[in-house]
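The block underneath contains the structure these notes are about, expressed in structure tokens.
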Amino acid sequence: MKSTEEVRAIVEALKELYPDGICSLDYEKDYELLFSVRLAAQCTDERVNKVTPALFARFPTLEALANADISEVEQYIHSTGFFRAKARDIVLASQMLLSEYGGKVPGTMEDLLKLPGVGRKTANLMLGDVFHVPGVVVADTHCIRITGLLGLTDGSKDPTKVEMQLRKVLPPEESNDFCHRLVFHGRAVCIARRPQCGECVLRPWCDYFSKNVAEPAKD
DNA sequence: ATCCCGAGGG
DNA sequence: CCCTCTGGAT
């Protein structure tokens, strides 16, 4: 279990390393971020940023997306994977945004979760980045992995459990940016396949480092 | 073979 | 809890 001081130290260390605690998806409109996050499921943000400019140029409004032929949307987003479900979600969610929410992305967890293709991860990201709700935790693959290694959670891989555990220990005004910084850290240093512990500033507070790197268990 | 800022259904 | 959906990169 981490003390409040240790958590604060981790938060500050990451803030110093990655001053911008922001999302790396490119977007202009709120709904573009919503759909970009949907496209980012099991896909890199880098690849999403390669397909969204053409997609949002071909369908420049929510109305255009709502009336789009799903098979044509599939062609634009094919390289992001899960293209059938993603294309269907984008078109159906566009229709629902227009019919139920006046063409605006809703700002509550309850309403966001009603949109097809929007789960807790996407909803939390919108609440944090667009609506600036304090205490938001975006429990994505990087967040789950790294906070588990650090010992900020019990090691569970269940996104909702991780979200709830982190909510209890993270400063509400820092939690959203902190999650974005974990993404950067997951790409550059705490890489899933091989963590670069030698160059990690979080070593002093990391359970994985102290157990498996500093003093490897010899079996 | 494993991972990438997941969601939905059983 | 489990499984499936999908392509690209390493």
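Residue numbering restarts at 1 for every chain, and letters A, B, ... go by the order of the sequence lines. Just so it is clear, the values below take in all heavy atoms, side chains as well, and ignore hydrogens, waters and symmetry mates.
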Side-chain N or O of [X] versus OP1/OP2 of [N]: is the shortest distance under 4.0 Å?
| X | N | answer |
| --- | --- | --- |
| A:Thr122 | B:dA7 | yes |
| A:Lys161 | C:dC1 | yes |
| A:Arg187 | B:dC5 | yes |
| A:Thr141 | B:dC4 | yes |
| A:Arg84 | C:dT6 | yes |

Minimum-distance nucleotide to [X] side chain [options: [options]]:
| X | options | value |
| --- | --- | --- |
| A:Arg193 | C:dA9, C:dT6, B:dC5 | C:dA9 |
| A:Arg145 | B:dC5, C:dG8, B:dC4 | B:dC4 |
| A:Ala192 | C:dG8, B:dC5, B:dC4 | B:dC4 |
| A:His142 | B:dC3, B:dC4, C:dT6 | B:dC4 |
| A:Asp158 | B:dC5, C:dC1, B:dG6 | C:dC1 |

Map A:Pro116 and A:Cys43 onto DNA chain B by nearest heavy atom, then report which one ends up closer to the 5' terminus.
->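 Looking at the nearest nucleotide for each, A:Cys43 comes out on the 5' side.
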
Aromatic rings A:His78 and A:Phe83: how do their planes relate, parallel, tilted or perpendicular, breaks at 30° and 60°?
->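 The arrangement is tilted - the two ring planes meet at 30° to 60°.
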
Determine whether A:Glu163 and A:Arg167 make a side-chain contact, defined as any pair of heavy atoms from C-beta on separated by less than 4.5 Å.
->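 A side-chain contact exists here, since the closest heavy-atom pair is under 4.5 Å.
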
Considering every strand and a 4.0 Å limit on heavy-atom distances, what is the contact class for [X]: base, sugar-phosphate, or nothing?
| X | value |
| --- | --- |
| A:Val118 | sugar-phosphate |
| A:His78 | sugar-phosphate |
| A:Gly119 | sugar-phosphate |
| A:Cys23 | base |

Would a distance-only check, ignoring hydrogens and angles, find a side-chain to backbone donor-acceptor pair under 3.5 Å from A:Glu6 to A:Ser3?
->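 Flag set: sc A:Glu6 to bb A:Ser3 pair under 3.5 Å.
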
Using the [atom1] atom in both, what is the distance from [N] to [M], to the nearest Å?
| N | M | atom1 | value |
| --- | --- | --- | --- |
| B:dC5 | C:dC1 | P | 23 Å |
| B:dG10 | C:dT6 | P | 16 Å |
| B:dC4 | C:dC5 | C1' | 15 Å |

Would A:Arg187 and A:Ser24 count as a side chain to side chain donor-acceptor pair (under 3.5 Å) if you check the C-alpha gap in whole Å, the side-chain angles of each, and the deciding distance to 0.1 Å?
-> CA-CA 12 Å; A:Arg187 292 172 184 155; A:Ser24 55; 3.0 Å; yes

Within this structure, what is the [atom1]-to-[atom2] distance between [X] and [N], rounded to whole angstrom?
| X | N | atom1 | atom2 | answer |
| --- | --- | --- | --- | --- |
| A:Ile77 | B:dG6 | CD1 | P | 15 Å |
| A:Gln75 | C:dG7 | CD | C1' | 16 Å |
| A:Ile144 | B:dA7 | CD1 | C1' | 13 Å |
| A:Arg88 | B:dG8 | CZ | C1' | 9 Å |
| A:Lys50 | C:dA9 | NZ | C1' | 10 Å |
| A:Arg38 | B:dC4 | CZ | C1' | 14 Å |
| A:Ile191 | B:dT2 | CD1 | C1' | 14 Å |
| A:Leu125 | B:dC4 | CG | C1' | 15 Å |

Side chains of A:Asp129 and A:His180: do they bring a donor and an acceptor to under 3.5 Å?
->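 Note: A:Asp129 and A:His180 side chains meet the donor-acceptor criterion.
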
Using the side chain to side chain contact (heavy atoms under 4.5 Å, CB included) rule, pick out the option among A:Thr141, A:Val138, A:Thr160 that qualifies with A:Lys121.
->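 Only one option passes, and that is A:Val138.
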
Out of A:Leu33, A:Leu127, A:Val37, which one pairs with A:Thr122 under the side chain to side chain contact (heavy atoms under 4.5 Å, CB included) rule?
->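 Of the listed options, the one satisfying the test is A:Val37.
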
Output yes if the stacking criterion (under 5.5 Å between centres, under 30° between planes) is met for A:Phe82 over the base of C:dG7, else no.
->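 A:Phe82 ring does not meet the centre or angle cut-off for C:dG7; no stack.
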
